[in-house]
Amino acid sequence: MSKLIIANFKMNKTESETKDYLINFLSKFEDDKADLILAVPFTSISTARYMLSGRNISLSAQNICEDDKIGCTGEISGKMLADSGVRYVIVGHSERRNRFKENSKMINNKIKNALKNRLTAILCVGESLVDKNTMNTLSTLKNQIEEALKGLYENELENIIIAYEPVWAIGSGKTPTEKEIELAVKAIRKVISDDFSQKASEQIKIVYGGSINPKNINKFKDIEELSGVLLGGACLDSNIFMQIINSII
Ligand code: PGA
């Protein structure tokens, strides 16, 4: 099975910058080599959709409103996202948990709203440095996953991807050891098997994200338990991004 590669542009690239980026990137990328999901800013979705037509590359949003009720100035509904051509949405990224104070109830609502609109939710979970230093990584992961997936039916997990992103690794240049990632993935699968089923825990896709770059990519690509990777900073330069893709495939 080809590896899943999720590129999180975060709040980078205007619409015209996205266009220039994709012209360069699409001239080099061969669609059948990897399963690629580009999480572009809302303002770039329409241009990216147009440029990706006929290509086997999916689009993701980076956020979704908790519900589709009216009276939410500045928010984007699941219905709008689905209609805009995105198939995925990132939920629970630590930047949103921390800076925008998204709590577990909100994250659970966002996931339910994504599923209601037939979007696949990319659920980000991960421990802070304090959690890590106090040996609370695995309990943090358990708690975040249980709260986020509360009330879901087992068959809905087909439309969930879990991104293990230690908060201390995001944008820091630091990464966990292979052993630490393996333990975290194992813990995530245990929560899914306890709360849903063994089958669901074997089937759910889990990716790693946090400070991946062309120099360290080899460390992640060989971790068998991982379905793929999530890139932030390293996807913003299309040449660096291609370097990473070529190392994975
Ligand atoms: P990074 O970001 O690769 O720049 O560390 C990953 C993320 O925040 O999703």
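Order of listing sets the numbers, starting from 1, for every ligand and every atom in it.
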(request) Mind listing the closest non-hydrogen atom pair of A169 and S211 along with its distance? (result) O-OG, 2.5 Å
(request) Could you tell me how the ring of F9 sits relative to the ring of Y21: parallel (under 30°), tilted (30 to 60°) or perpendicular (over 60°)? (result) perpendicular
(message) Tell me which pairs pass ring-ring contact (aromatic ring centres under 6.0 Å, His included) where either residue lies in residues 86-120, with sequence neighbours left out.
(response) none
(message) Looking at ligand 1, is there an atom of it that comes within less than 4.0 Å of some heavy atom belonging to G209?
(response) no
(message) Measuring from non-hydrogen atoms of A234 to any atom of ligand 1, is the shortest distance under 4.0 Å?
(response) no
(request) Report, in ascending order of atom number, the atoms of ligand 1 lying under 4.0 Å from any heavy atom of G210. (result) 5 (O)
(request) Write out the residue and atom name of the closest protein heavy atom to atom 9 (O) of ligand 1, then the distance separating them to 0.1 Å. (result) E165 OE2, 2.8 Å
(request) Just jot down the ligand 1 atoms closer than 4.0 angstrom to any heavy atom of S211, in number order. (result) 1 (P), 3 (O), 5 (O)
(request) Answer yes when K190 and D194 have at least one side-chain N-carboxylate O distance shorter than 4.0 Å, and no when they do not. (result) yes
(message) Check this for me - ligand 1, S172, N or O atoms closer than 3.5 angstrom, yes or no?
(response) no
(request) Pull out every atom of ligand 1 sitting under 4.0 Å from any heavy atom of L230, numbered as shown with elements. (result) 9 (O)
(request) Answer yes when E225 and R189 have at least one side-chain N-carboxylate O distance shorter than 4.0 Å, and no when they do not. (result) no
(request) Report, in ascending order of atom number, the atoms of ligand 1 lying under 4.0 Å from any heavy atom of K10. (result) 2 (O), 7 (C), 8 (O)
(request) Classify the contact between I170 and ligand 1 as side chain, backbone, both or neither, using a heavy-atom distance cut-off of under 4.0 Å. (result) both
(request) For N8, take its heavy atoms, then give the atoms of ligand 1 lying under 4.0 Å from any of them. (result) 9 (O)
(message) Quick test: of every protein heavy atom, which one is nearest to atom 3 (O) of ligand 1, and how far off is it to 0.1 Å?
(response) G232 N, 2.9 Å
(request) Report yes if G233 has an N/O atom closer than 3.5 Å to an N/O atom of ligand 1; otherwise report no. (result) yes
(request) Not counting sequence neighbours, list each pair that qualifies as a side chain to side chain donor-acceptor pair (under 3.5 Å) and has a residue in residues 37-46. (result) T18-S44
(request) Could you tell me whether K150 and E147 make a salt bridge, using a distance below 4.0 angstrom between a side-chain N and a carboxylate O? (result) yes
(request) Find the distance between CZ (R118) and CG (L81) and round it off to the nearest 0.5 Å. (result) 15.5 Å
